[in-house]
*Asks:* 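Right, I'll just put the structure down here and ask away after.
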Amino acid sequence: MHITKILTSWYSDNKRELPWRNTKNPYFIWLSEIILQQTQVKQGLPYYKAFIKQYPTVFHLAKASEEAVLKLWQGLGYYSRARNLHATAKFIAHELNGEFPKDYNGLIKLKGVGDYTASAIASICYNEATAVVDGNVFRVLSRFYGIQTPINSTPGKKEFKERAQQIIDKKNPAEFNQAIMEFGAVQCKPNSPDCSICPLQLKCFAFHTGKIKDLPQKIKAAKPIKRHLNYIVYMSDSHTTVLEKRVGKGIWQNLYQFPLIESDKELQPKEFKKQLNVNHKSIVLFNENPIVHKLSHQHLYTKFWIVKVTSLSENAIPINKINDFATPILIKNFIDDFNF
DNA sequence: AAAGCGGGGTA
DNA sequence: TACCCAGCTTT
């Protein structure tokens, strides 16, 4: 039997019940695909449910503020997805009369929609035979065919897209695309796939050559840089504090954080006090040892300094409003732990 | 072509 | 530790 038929057959027997599998409404499919970019189903599922509840249509999402969208996205990471999601919702509601583009070429023009997402929406919603290539597809194809080309190289992306396009079920691209991804997620897993029960075992290159652990190939990422963050947690007599919006380039764009002093190395109390040019009543270091927050490209060594002051300026916020703001999870965890 | 962008999970 | 995840955008 051919790989195409094996995968679709496996899918009909093994697919998970997921909320976006019961619809072809492009709003729901688009939303699920954006949430699931670089994100496992288990992590994205509660966010999907929260978003369709809060924003049942693209018009609801378009009407929301970016701040509200970021707040609902808080904790999911890659926040440009949320900003692009909101911008695209406004574009579709206001410029396209609420109607999504109906093919790959139209979809890929949307902010935050690349080759994978355009293919996913086009195939699932409109039955266009354009192959999805996500991390699962890379893994399944590289193992099955023994493709050594690094999946994160330009030639690799081209080669795998062509391979996937060759075996897509043109009669049912919606099912096939979801089948090969689900197969990668559930059966042909990154670690210790159970090849003994795999329906592709007979023709699988990696299985027969003992190269399961060597495929797919990938160009190694650079080592993350280290940064030292010192957050100033003001507390005034009238129970206010200060949050600032991160603007410009870099991580956490448009999210809120406490005023920040970044340093080349870890700051000790004396050094911190010298840099803090503010009249204060007391300074207490919340965590003696830096909290290490690891991102893909940066390791953040973080200290929270509690600075009591008599009063703060007009734009300070009441502490009981602090949870209204979208913050990085690093900040949210501190707020929860500190318990003001 | 390479870098930048999150946070959670596994081994 | 190192690697992975229903990737996209910018440099």
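Below, read A as the first sequence line, B as the second, and so on, with proteins coming before strands; counting in each chain starts at 1.
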*Asks:* Describe the nucleic acid contact of A:Leu76 in one word from base, sugar-phosphate, nothing, applying a heavy-atom distance below 4.0 Å.
*Replies:* base
*Asks:* State which residues pass side chain to side chain contact (heavy atoms under 4.5 Å, CB included) with A:Glu128; sequence neighbours excluded, sorted by chain then number.
*Replies:*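 Listed in chain order: A:Asp103, A:Tyr104, A:Ala122, A:Thr130.
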*Asks:* With sequence neighbours left out, write down each residue that passes side chain to side chain contact (heavy atoms under 4.5 Å, CB included) with A:Ile52, or none if nothing qualifies.
*Replies:* A:Phe28, A:Leu31, A:Tyr48
*Asks:* From the 5' end of DNA chain B to its 3' end, which nucleotides mark the outer limits of contact with chain A, defined by a 4.0 Å heavy-atom distance cut-off (strictly under)?
*Replies:*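 Listing 5' to 3', DNA chain B meets chain A from B:dA1 to B:dA11.
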*Asks:* Looking across every strand, which nucleic acid part, if any, lies under 4.0 Å from A:Gly44 by heavy atom: base, sugar-phosphate, or nothing?
*Replies:*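 Since no nucleic acid heavy atom lies under 4.0 Å of A:Gly44, the category is nothing.
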*Asks:* Taking only residues two or more places apart in sequence or in another chain, which ones pass side chain to side chain contact (heavy atoms under 4.5 Å, CB included) with A:Lys171?
*Replies:* A:Asp169
*Asks:* Sequence neighbours excluded, which residues qualify as ring-ring contact (aromatic ring centres under 6.0 Å, His included) partners of A:Tyr231?
*Replies:*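 Only A:Phe304 meet the ring-ring contact (aromatic ring centres under 6.0 Å, His included) criterion with A:Tyr231.
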*Asks:* What pairs with A:Tyr256 under ring-ring contact (aromatic ring centres under 6.0 Å, His included), at least two apart in sequence or on another chain?
*Replies:* A:Phe325
*Asks:* Given that A:Ile219 and A:Asn333 both sit by DNA chain B, which one's nearest nucleotide is further toward the 5' end?
*Replies:*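 It is A:Ile219 whose nearest nucleotide is closer to the 5' end.
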*Asks:* With rounding to the closest Å, how many angstrom separate the P atoms on C:dT11 and B:dG6?
*Replies:* 15 Å
*Asks:* Looking at A:Tyr145, I'd like to know if the NZ or CZ of A:Arg163 sits under 6.0 Å from its six-membered ring centre while staying within 45 degrees of the ring's axis.
*Replies:* yes
*Asks:* Under the side chain to side chain contact (heavy atoms under 4.5 Å, CB included) test, which residues partner A:Glu266, sequence neighbours left out?
*Replies:* A:His228, A:Gln268, A:Pro290, A:Lys303
*Asks:* Quick check: on DNA chain B, is the nucleotide nearest A:Thr327 upstream (toward 5') of the one nearest A:Ser153, or the reverse? Name the residue that is more 5'.
*Replies:*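 It is A:Ser153 whose nearest nucleotide is closer to the 5' end.
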*Asks:* Which atom pairs, donor and acceptor, lie under 3.5 Å between side-chain atoms of residues 190-199 of chain A and protein residues at least two apart or in another chain?
*Replies:*
residue	atom	partner	partner atom	Å
A:Asp194	OD1	A:Ser196	N	3.3
A:Asp194	OD1	A:Ser196	OG	2.6

*Asks:* Using a 4.0 Å cut-off on protein heavy atoms (strictly under), produce a 5'-to-3' string for nucleotides 2-11 of chain C with B for base contact, S for backbone-only sugar-phosphate contact, and - for none.
*Replies:* -SSBBBSS-S
*Asks:* Looking only at atom P, what distance separates C:dA6 and B:dA3, rounded to whole Å?
*Replies:*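 These two P atoms come out 25 Å apart once rounded.
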*Asks:* Using the C1' atom as the point on both nucleotides, what is the distance between B:dG8 and C:dT9, in whole Å?
*Replies:* 23 Å
